[in-house]
Protein chains: 2
Amino acid sequence: MTGQRADARRNYARILAVAEREVAAHGADASLERIARIAGVGSATVRRHFPGRRALLEAVFGERIAALGARAAELAEAADARAALLEWLAALTSYAASARGMADALVQDGLTDPEQVEDCSAKLATAVEPLVRRAAAAGALAADVTAADLLTLVTGIALATEHHPDPAAEARRLLDLVVAGVSPAR
Amino acid sequence: MTGQRADARRNYARILAVAEREVAAHGADASLERIARIAGVGSATVRRHFPGRRALLEAVFGERIAALGARAAELAEAADARAALLEWLAALTSYAASARGMADALVQDGLTDPEQVEDCSAKLATAVEPLVRRAAAAGALAADVTAADLLTLVTGIALATEHHPDPAAEARRLLDLVVAGVSPAR
DNA sequence: TACGATACGGAGGGCCCCACCACTTAGCAA
DNA sequence: TTGCTAAGTGGTGGGGCCCTCCGTATCGTA
């Protein structure tokens with residue numbers, strides 16, 4: 001990062017700022033060309049800084065992912081392990097459902113090789129992992145439920161509710177269903 | 001349908017056959033142009049028969065959706081209301097997870113106006129509706145769970161598992177989780 | 001057989017992604 | 001301050017896709 005030239009850093013920042021707006025407006029398949037146009041740079045410059053759409057999405061959502069990671073770290077010390085996990089899941093759901101394109105970003109990088117540490121879903125998985133373990137240890141979670149399972153479920157909910165009139169509300173509703181279990185027998 | 005010219009019907013059938021293969025191979029965003037090329041017709045002909053990608057997907061998945069509807073009708077008379085519903089959900093999940101593009105087709109037509117009877121998800125919703133009602137009446141389902149909720153969940157699962165190594169297995173696993181509820185307390 | 005309606009498909013415009021390449025400029029060293 | 005050089009830039013062209021228009025071929029019928 002520091003090794004970059006000043007203009008490169010400036011362009012990076014500008015492109016990223018525009019990309020955030022565009023992705024918010026048009027979802028994961030925002031036009032890279034359009035982003036370049038708005039940012040006032042050539043399209044080649046965009047793809048130099050972000051080779052491929054994935055890279056751009058990861059950059060766009062990077063901060064928020066980091067914030068979710070921090071939240072997880074906080075919650076790892078909460079008294080109630082189950083409540084902590086559920087709160088984090090709710091936070092993730094809320095964000096994934098409202099931030100257009102994030103769910104796509106998550107689902108797309110499922111393929112990437114495990115080396116890819118920049119991977120969004122890998123970061124999130126690492127973040128929840130402790131919460132999941134603690135909840136499982138406390139007997140508040142079925143033993144065979146993994147962090148990846150939970151992320152996949154939340155991602156799926158976000159994807160499926162994306163076209164609803166009020167995605168966030170609907171996603172929240174479904175998350176509650178999933179958590180409570182469909183069956184009323186408890 | 002009968003009012004169509006013979007060549008029109010022939011082309012329709014050819015296009016649909018090619019479309020099935022292409023969608024299976026490339027998912028919901030298969031190239032319409034490519035389909036036209038393979039079918040040996042002009043691209044305009046494809047969009048004459050199927051105005052928009054949605055229409056084509058609905059045609060592609062129409063038969064299968066009908067089959068699921070029939071299965072629902074059978075299960076509506078099963079002895080165990082809860083088991084019947086779960087079995088149908090499993091069937092839907094299995095198909096949605098293995099048939100590339102179907103989940104997209106379902107999620108996309110959430111927007112369409114209620115008039116649109118050709119709507120895939122509407123058809124499925126109508127099909128499960130009785131199963132859901134019966135299960136709810138038997139106390140085997142939380143009262144506020146709707147047919148649409150269940151469809152959305154299954155769709156989400158299918159979407160989120162699409163890029164996994166074994167989508168069908170993973171989807172099935174997640175469906176079980178959802179059904180059982182994440183929490184072990186029962 | 002001849003005619004009218006119906007269906008066809010090619011051409012062209014717009015947008016997009018991607019790769020290449022000649023030019024500019026920032027930053028360093030003399 | 002002045003040059004030098006590598007890093008960075010953006011324009012351009014190729015390929016694809018989606019979509020619309022419109023002249024033409026074909027079907028079904030009188």
Side-chain angles (χ1 to χ4, degrees), chain A residues 1-60 100-101 104-105 107-109 111-112 163, chain B residues 1-60 100-101 104-105 107-109 111-112 163:
Chain A
M1 280 295 173
T2 324
Q4 278 187 136
R5 259 167 49 172
D7 53 348
R9 251 167 308 168
R10 200 169 22 206
N11 275 338
Y12 181 94
R14 274 173 42 169
I15 292 169
L16 188 55
V18 172
E20 282 169 2
R21 289 204 305 271
E22 283 299 301
V23 169
H26 301 102
D29 44 1
S31 160
L32 301 185
E33 197 121 344
R34 187 179 147 87
I35 290 175
R37 225 179 304 135
I38 297 179
V41 301
S43 71
T45 299
V46 169
R47 53 188 327 90
R48 195 185 334 275
H49 285 291
F50 307 99
R53 164 171 277 100
R54 277 269 311 284
L56 189 133
L57 290 178
E58 273 164 11
V60 165
R100 300 196 52 186
D104 298 78
V107 79
Q108 276 179 32
D109 60 18
L111 304 163
T112 185
H163 296 291
Chain B
M1 280 296 173
T2 323
Q4 277 188 136
R5 254 166 52 173
D7 54 348
R9 251 169 305 167
R10 199 171 23 210
N11 276 337
Y12 180 94
R14 274 169 48 163
I15 292 169
L16 187 54
V18 173
E20 281 169 3
R21 290 204 304 271
E22 283 299 299
V23 169
H26 301 102
D29 45 0
S31 161
L32 302 186
E33 198 122 343
R34 187 180 148 86
I35 290 174
R37 225 178 305 134
I38 297 178
V41 300
S43 71
T45 299
V46 169
R47 55 189 327 89
R48 187 164 313 112
H49 285 291
F50 307 98
R53 180 179 305 281
R54 278 269 311 284
L56 189 134
L57 290 178
E58 274 164 10
V60 165
R100 298 197 54 185
D104 298 78
V107 80
Q108 277 179 32
D109 61 17
L111 304 164
T112 185
H163 297 291

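Quantities reported herein were computed from a predicted structural model and do not represent experimental measurements. Naming convention: chains lettered A, B, ... in sequence-line order (proteins, then strands); numbering from 1 in each chain.
- Side-chain N/O atoms of A:R47 and base N/O atoms of D:dG10 include no donor-acceptor pair closer than 3.5 Å.
- With hydrogens and angles disregarded, no donor-acceptor distance shorter than 3.5 Å links the side chain of B:R100 to the backbone of B:V23.
- Between A:R48 and the phosphate of D:dT9, there is a side-chain N or O to OP1/OP2 separation shorter than 4.0 Å.
- OP1 or OP2 of C:dC17 lies within a sub-4.0 Å distance of a side-chain N or O belonging to A:R53.
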- Step by step, would you call A:E33 with A:R37 a salt bridge (Lys or Arg N to Asp or Glu O under 4.0 Å)? CA-CA 6 Å; A:E33 197 121 344; A:R37 225 179 304 135; 5.7 Å; no
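- Between B:I38 atom CD1 and D:dC17 atom P the separation is 10 Å, expressed in whole Å.
- Rounded to whole angstrom, the span from the CZ atom of A:F50 across to the P atom of D:dG8 amounts to 14 Å.
- Spacing between atom CG of B:D29 and atom C1' of D:dG16 amounts to 14 Å, rounded to whole angstrom units.
- Whole-Å rounding puts the A:R34 CZ to C:dC17 P distance at 11 Å.
- One can place CD1 of B:I35 at 16 Å from P of D:dG16, the figure rounded to the nearest angstrom.
- Between D:dG16 and B:S31, no contact under 4.0 Å exists linking OP1 or OP2 to a side-chain N or O.
- Each of B:E33 and B:N11 was assigned the nucleotide of DNA chain C with the nearest heavy atom; the assignment lying further toward the 5' end belongs to B:N11.
- Between D:dC17 and B:R37, a contact under 4.0 Å exists linking OP1 or OP2 to a side-chain N or O.
- Phosphate proximity of C:dC16 to A:S43: absent, as no side-chain N or O sits under 4.0 Å from OP1 or OP2.
- Rounded to a whole Å, the CG atom of A:L32 is 16 Å from the P atom of C:dC15.
- At the phosphate of D:dT9, OP1 or OP2 sits under 4.0 Å from a side-chain N or O atom of A:H49.
- Put simply, CD on A:E22 is 11 Å from P on C:dC17, counting in whole angstrom units.
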- With B for base contact, S for sugar-phosphate-only contact and - for none (protein heavy atoms under 4.0 Å), nucleotides 25-30 of chain D reads -BSS--
